[in-house]
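Right, one structure below, let's go through it.
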Amino acid sequence: GTVFAGVVGDQGRLEYTVLGDTVNVAARLEAATKTEGVALLASEDVMQALDHREAGWQHVPSLTLPGRHGAISAWGMTADQARAAAILGT
């Protein structure tokens, strides 16, 4: 999705930041890994954009994220599955 990325602030304090709905969804997906009991969560949009999908992804068809209207479709993978697929390091 579309994001705003850049340096914001003034001479006293400059920070690099990324803003946008895509960033918010990514942050909420990361937080949802705890409640879903998985190491990784990816949105349906991300999964559809992949040329190749490793085995082991579990579909989460109706994931509700805080601050969003309606549920989204997502895919999760446990740490053991991710290590087996060489997505996460040991």
Side-chain angles (χ1 to χ4, degrees):
T2 303
V3 300
F4 167 81
V7 179
V8 296
D10 60 23
Q11 294 292 343
R13 182 176 176 158
L14 293 175
E15 292 183 354
Y16 184 81
T17 191
V18 182
L19 304 170
D21 189 55
T22 302
V23 177
N24 294 337
V25 169
R28 289 181 173 107
L29 282 170
E30 189 279 328
T33 60
K34 295 163 189 66
T35 58
E36 293 299 312
V38 294
L40 302 170
L41 270 173
S43 69
E44 183 71 36
D45 290 339
V46 168
M47 297 303 282
Q48 292 297 323
L50 295 176
D51 291 331
H52 172 75
R53 183 184 305 179
E54 294 291 335
W57 288 98
Q58 304 163 351
H59 191 219
V60 183
S62 185
L63 180 63
T64 302
L65 300 175
R68 306 230 4 122
H69 297 298
I72 68 164
S73 176
W75 293 81
M77 185 179 282
T78 67
D80 289 341
Q81 291 167 321
R83 279 195 234 15
I87 294 173
L88 288 180
T90 55

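Predicted, not measured: the structure shown is a model, and the values here were computed from it. When reading the values below, keep in mind they use all heavy atoms of this one structure, side chains included, and skip hydrogens, waters and symmetry mates.
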**Request:** Nearest 0.5 Å please: distance from the CG atom of Leu41 over to the CD1 atom of Ile72.
**Result:** 8.0 Å
**Message:** Just verifying a value: how many Å separate Trp57 CH2 and Leu50 CG, rounded to the nearest 0.5 Å?
**Reply:** 8.0 Å
**Item:** Side-chain heavy atoms of Asn24 within contact of Leu65, under 4.5 Å
**Value:** no
List for me each residue that meets side chain to side chain contact (heavy atoms under 4.5 Å, CB included) alongside [X], sequence neighbours excluded, and say none if there are none.
{"X": "Ala26", "value": "none"}
{"X": "Ala5", "value": "Tyr16, Val18"}
{"X": "Asp80", "value": "Thr78, Arg83"}

**Prompt:** Any link between Met47 and Leu40 through a network of hydrophobic side chains (Ile, Leu, Val, Met, Phe, Trp, Tyr) touching at under 4.5 Å?
**Reply:** yes
**Prompt:** Would you find more than 12 non-hydrogen atoms of other residues, nucleotides or ligands less than 6.0 Å from Asp51 atom CG?
**Reply:** no
**Test salt bridge (charged side-chain N to carboxylate O under 4.0 Å, His left out) applied to Arg68 - qualifying residues, sequence neighbours left out** = Asp21
**Message:** Checking Glu15 now: which residues fulfil side-chain hydrogen bond (donor to acceptor under 3.5 Å, both in side chains) with it, not counting sequence neighbours?
**Reply:** Arg13
**Message:** Taking side-chain hydrogen bond (donor to acceptor under 3.5 Å, both in side chains) as the definition, give me every residue that meets it alongside Thr64, ordered by chain and number, with sequence neighbours left out.
**Reply:** none
Looking only at heavy atoms, what is the nearest atom pair of [X] and [Y], with distance?
{"X": "Thr22", "Y": "Gly1", "answer": "OG1-CA, 3.1 Å"}
{"X": "Ser73", "Y": "His59", "answer": "OG-NE2, 2.7 Å"}
{"X": "Ala74", "Y": "Leu29", "answer": "CB-CD2, 4.3 Å"}

**Fill in**
Quick note, salt bridge (Lys or Arg N to Asp or Glu O under 4.0 Å) partners involving residues 33-50, not counting sequence neighbours, are Glu30-Lys34
**Asked** Hey, mind stepping through Val60 and Val38 against side chain to side chain contact (heavy atoms under 4.5 Å, CB included) and telling me if it holds?
**Response** CA-CA 11 Å; Val60 183; Val38 294; over 6 Å; no
**Prompt:** To which residues is Val8 joined in a hydrophobic cluster, defined by side-chain heavy-atom contacts under 4.5 Å among Ile, Leu, Val, Met, Phe, Trp and Tyr, whether direct or through other members?
**Reply:** Phe4, Leu19
